[in-house]
**Student:** 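First the structure, then my questions, so here it is.
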Amino acid sequence: MHPKPKLFHGKFILVNIFPGHKHPLRPFSSDNTSLPIVTELISKQHWKSLKTHLQNASPITPLQQLLDSRVDPCLTLRYFNWSEKEFNLSHSLEHSCMLIHSLANAKRYPKMRSFLYSFVKNENSISVSSIFHAISVSGDSFCASSIIADMLVLAYVNNMKSHLAFEAFKRAGDYGFKLSAVSCNPLLSALVKEDKIEDVEYVYKEMIRRRIEVNAISFNTVINGLCKVGKLNKASDVIQDMKAWGVLPDVITYNTLISGYCKKGRIGKMYKADAILKEMIANEVRPNEITYNILIDGFCKDENLMAAMKVFREMETQGLKPTVVTYNSLINKLGLEGKLDEASGMLDDMVGSGLKPNVVTYNVLINGYCKKGKMKEATDLFDDVVKQGISPTVVTYNTLIYAYCKDGRMEDAFALRESMVDKGTFPDVTTYNCLISGLCREGNITAVRKLINEMLNKGLKVDVVTYNILVDALCNDGESRKAARLLDEMVKMSLRLNHVTYNTLMDGYCREGNLRAALNVRTRMEKEGMRANVATYNVLIKGLCKKGKLEDANGLLNEMLEKGLIPNRTTYEIVKVEMVDKGFVPDIEGHMYNISGS
DNA sequence: GTAGGGTTAG
């Protein structure tokens with residue numbers, strides 16, 4: 001019996017053609033007769049032999065043949081990747097799409113995922129729309145096209161190209177390809193992280209319209225996005241949506257909403273947060289450690305350490321153990337209040353209860369010392385942390401660098417920056433902002449320019465804080481008009497101006513006695529959709545008082561209270577010095593009345 | 001693939 005070499009993939013062919021590679025291969029021929037050899041060489045990964053076999057033939061031809069044949073698409077993929085690397089070429093979009101279609105038809109999903117991931121990573125010139133066109137013309141399975149589109153969206157998200165992911169999401173709708181939560185949820189999550197809340201809302205609405213599966217994660221992500229930008233009523237609407245879809249709010253839903261309320265600076269926010277806690281319990285969703293951590297931190301930020309401690313004790317009665325995060329919130333608050341002995345006592349408690357402090361624990365404690373001007377203690381603790389084998393983070397360094405800058409110790413600040421680089425922690429925008437603010441305080445504009453150039457050269461981008469520092473510096477120099485021009489520059493750089501930007505400029509104008517200009521800035525701010533916050537009112541109230549316009553100032557104070565904004569320490573200080581001492585008295589709600597008879 | 005803590009500007 002002599003085996004017939006009839007099968008392309010039969011072992012005998014290979015043995016007969018080139019037993020052990022000792023004989024030269026038959027040269028590649030561009031008709032299909034070479035395909036079995038090529039296939040065999042690929043499956044054995046005999047790349048050297050394959051290259052010899054191909055000789056001077058175009059590497060495209062075998063790809064074309066493989067795509068036209070019924071060989072395992074994984075072999076085609078291997079050839080695709082090898083040939084791109086070996087011949088330093090990029091295969092055409094059409095061939096790429098044919099390959100991805102054959103992988104999809106063979107249900108080789110992990111292979112598709114990594115193929116699309118590298119495709120998206122390396123490809124910067126092909127538009128999303130041409131990719132979709134190619135997907136739709138290079139395969140006829142609608143189902144496969146949908147899976148490909150889904151994975152493409154995910155590939156963009158995973159490559160941090162969320163704007164392209166968003167575009168692909170829209171294109172998929174144009175072509176009627178059906179996406180899934182597998183890609184849409186990460187897309188939503190990426191858009192939330194980038195504060196692109198309008199896009200989040202668009203994707204969410206489209207998911208419902210296109211009947212894409214919307215699960216608890218989708219809802220929770222959207223709710224988180226809305227909470228992040230303070231649209232808490234809309235977030236509650238989404239909770240209603242989710243109930244209507246038969247998805248019950250879970251502990252993450254409630255935690256997200258509670259956190260949203262905690263972060264909003266309105267009167268009664270913690271009351272509302274507490275109400276949601278009760279609601280979740282009534283709906284039989286058990287609060288977890290994270291729920292309590294959110295509440296504890298919320299009360300700390302609300303200047304209510306007593307309430308925070310009460311929740312802390314309540315946690316234990318619910319059978320929940322405080323975590324590192326719980327302690328970090330409390331230590332942070334104690335440190336910021338200057339209660340450093342209590343803060344380090346809390347650290348001891350935490351260690352005593354078997355928890356291991358992390359770098360955040362030390363960062364907040366170091367910050368506490370810094371804010372109290374206890375630099376010796378701060379740096380001692382820093383050394384201690386290093387000795388314990390905990391790596392300081394960029395935040396640790398920034399905390400100390402800022403403290404040095406604020407203390408006028410610019411040399412120490414720059415020395416610490418050198419040392420962080422030596423240890424492999426690289427300065428970020430915040431590091432530079434701290435140094436820039438220090439130099440501005442010294443009036444060293446030349447050094448500021450140099451530093452900004454340096455950060456740009458390192459590929460770091462100036463941010464809104466950098467500009468706010470510069471705006472403030474100009475205002476302090478009595479150059480508010482120049483500062484105003486920086487705002488236009490910020491817009492040109494598509495930086496999002498924030499409250500601090502506007503308030504700083506308003507303050508600059510107020511201090512120059514130019515109230516008109518200050519009020520114009522407020523108008524501009526509101527045109528941009530930003531409502532005046534407590535600090536805005538503080539600046540304007542103070543400005544009006546300084547001009548002797550006490551009744552107008554009082555009007556603004558009332559307006560602020562009516563809008564549910566909580567007066568802060570600065571407000572009280574202004575009201576005391578500028579109003580109470582000049583004949584106004586407060587009623588029980590904080591409204592002021594002029595009793596001097598005017 | 002969803003929730004919690006730390007640094008900078010007013």
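So that the names make sense, note that chain A is the first sequence line, chain B the second, and so on, each numbered from 1.
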**Student:** Does a nitrogen or oxygen in the side chain of A/Asn367 sit under 4.0 Å from OP1 or OP2 of B/dT7?
**Tutor:**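 Indeed, a polar side-chain atom of A/Asn367 lies that close.
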
**Student:** State, yes or no, whether a side-chain contact exists between A/Phe426 and A/Thr431 at a heavy-atom distance under 4.5 Å.
**Tutor:** no

**Student:** For A/Asn358, which contact category applies under a 4.0 Å heavy-atom criterion: base, sugar-phosphate, or nothing?
**Tutor:**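 Counting heavy atoms under 4.0 Å across all strands, the contact made by A/Asn358 includes a base.
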
**Student:** Look at all strands and tell whether A/Thr431 reaches a base, only sugar-phosphate, or nothing, counting heavy atoms closer than 4.0 Å.
**Tutor:** nothing

**Student:** List the steps and the verdict of side chain to side chain contact (heavy atoms under 4.5 Å, CB included) for A/Asp507 and A/Cys475.
**Tutor:** CA-CA 8 Å; A/Asp507 191 42; A/Cys475 287; over 6 Å; no

**Student:** Whole Å only: how far is the CG atom of A/Asn498 from the C1' atom of B/dG10?
**Tutor:** 9 Å

**Student:** Between A/Phe312 and A/Phe299, is the ring centroid distance below 6.0 Å?
**Tutor:**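 So the answer is no for these two rings.
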
**Student:** When you measure from the side chain of A/His499, which nucleotide among B/dG10, B/dT8, B/dT2 comes out closest?
**Tutor:**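 Nucleotide nearest to A/His499's side chain: B/dG10.
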
**Student:** Return the nearest nucleotide to the side chain of A/Val500; candidates are B/dT2, B/dG10, B/dA3.
**Tutor:** B/dG10

**Student:** For DNA chain B, what residues of residues 391-399 of chain A have any heavy atom nearer than 4.0 Å?
**Tutor:** A/Thr393, A/Val395, A/Asn398, A/Thr399

**Student:** List the steps and the verdict of side chain to side chain contact (heavy atoms under 4.5 Å, CB included) for A/Glu411 and A/Tyr404.
**Tutor:** CA-CA 8 Å; A/Glu411 277 184 19; A/Tyr404 282 137; over 6 Å; no

**Student:** Check the distance between B/dT8's P and A/Asp407's CG and give it to me in whole angstrom.
**Tutor:** 15 Å

**Student:** Among B/dT8, B/dT2, B/dG10, find the nucleotide with the atom closest to the side chain of A/Ser189.
**Tutor:** B/dT2

**Student:** Taking atom types as modelled, find out whether A/Tyr362 and A/Gln388 have a side-chain donor-acceptor pair closer than 3.5 angstrom.
**Tutor:**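 Per modelled atom types, A/Tyr362 and A/Gln388 side chains form a pair under 3.5 Å.
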
**Student:** Remember a base hit wins even if backbone is also touched, and classify A/Thr430 as base, sugar-phosphate or nothing at under 4.0 Å, heavy atoms.
**Tutor:** base

**Student:** Taking any heavy-atom pair under 4.0 Å as a contact, classify A/Asp428: base, sugar-phosphate, or nothing.
**Tutor:**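 The answer is nothing, as A/Asp428 stays clear of every strand by at least 4.0 Å.
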
**Student:** In whole angstrom, what separates A/Tyr254's OH from B/dT2's P?
**Tutor:**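 Going from A/Tyr254 (OH) to B/dT2 (P), I get 21 Å.
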
**Student:** Side-chain donor-acceptor pair under 3.5 Å between A/Ser218 and A/Asn215, yes or no?
**Tutor:** yes

**Student:** Please state how far atom OH in A/Tyr362 lies from atom C1' in B/dT7, giving the value in whole angstrom units.
**Tutor:**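 It works out to 18 Å between those atoms.
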
**Student:** Is any side-chain nitrogen or oxygen of A/Asn185 closer than 4.0 Å to OP1 or OP2 of B/dT2?
**Tutor:**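 Checking A/Asn185 against B/dT2: no side-chain N or O falls below 4.0 Å of OP1 or OP2.
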
**Student:** Starting at atom OH of A/Tyr156, determine the distance to atom C1' of B/dG1, rounded to an integer number of angstrom.
**Tutor:**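 To the nearest whole Å, that distance equals 20 Å.
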
**Student:** Which part of the nucleic acid does A/Asp250 contact within heavy-atom distance under 4.0 Å: base, sugar-phosphate only, or nothing?
**Tutor:** nothing

**Student:** Rounded to the Å, how far apart are A/Leu188 CG and B/dT2 C1'?
**Tutor:**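 Interatomic distance, CG of A/Leu188 to C1' of B/dT2: 10 Å.
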
**Student:** Which nucleotide, B/dA3, B/dT2, B/dG10, lies nearest any side-chain atom of A/Ile290?
**Tutor:**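 Of B/dA3, B/dT2, B/dG10, B/dA3 is nearest to the side chain of A/Ile290.
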
**Student:** Choosing from B/dT8, B/dT2, B/dA3, which nucleotide comes nearest the side chain of A/Val251?
**Tutor:** B/dA3

**Student:** Side chains of A/Asp250 and A/Thr253: donor-acceptor distance under 3.5 Å anywhere?
**Tutor:** yes

**Student:** Within this structure, what is the CD1-to-C1' distance between A/Ile212 and B/dG1, rounded to whole angstrom?
**Tutor:**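 The distance from CD1 of A/Ile212 to C1' of B/dG1 comes to 15 Å, rounded to the nearest Å.
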
**Student:** Across the strands shown, which category fits A/Lys228 at heavy-atom distances under 4.0 angstrom: base, sugar-phosphate, nothing?
**Tutor:** nothing

**Student:** Which heavy atom of A/Met560 sits nearest to which heavy atom of A/Pro567, and what is that distance?
**Tutor:** CE-CA, 3.4 Å

**Student:** Would you mind classifying the nucleic acid contact of A/Val471 as base, sugar-phosphate or nothing, using non-hydrogen atoms under 4.0 angstrom?
**Tutor:**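 No contact.
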
**Student:** Using a cut-off of 4.0 Å on non-hydrogen atoms, how would the nucleic acid contact of A/Asn158 be classed: base, sugar-phosphate, or nothing?
**Tutor:** nothing

**Student:** Between B/dA3, B/dT8, B/dG1, which one does the side chain of A/Lys371 approach most closely?
**Tutor:**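 The answer is B/dT8, which lies nearest to the side chain.
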
**Student:** Could you check whether A/Ser329 gets within reach of a base, just the sugar-phosphate, or nothing at all, counting any heavy atom under 4.0 Å?
**Tutor:**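 Sugar-phosphate: the residue A/Ser329, judged by heavy atoms under 4.0 Å, touches backbone atoms but no base.
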
**Student:** Kindly determine whether A/Tyr156 and A/Phe166 satisfy ring-ring contact (aromatic ring centres under 6.0 Å, His included), including the steps that lead there.
**Tutor:** CA-CA 9 Å; A/Tyr156 278 127; A/Phe166 182 54; over 10 Å; no

**Student:** Specify the separation, in whole Å, of atom CG of A/Asn215 and atom C1' of B/dG1.
**Tutor:**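 Taking CG of A/Asn215 and C1' of B/dG1, I get 8 Å after rounding.
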
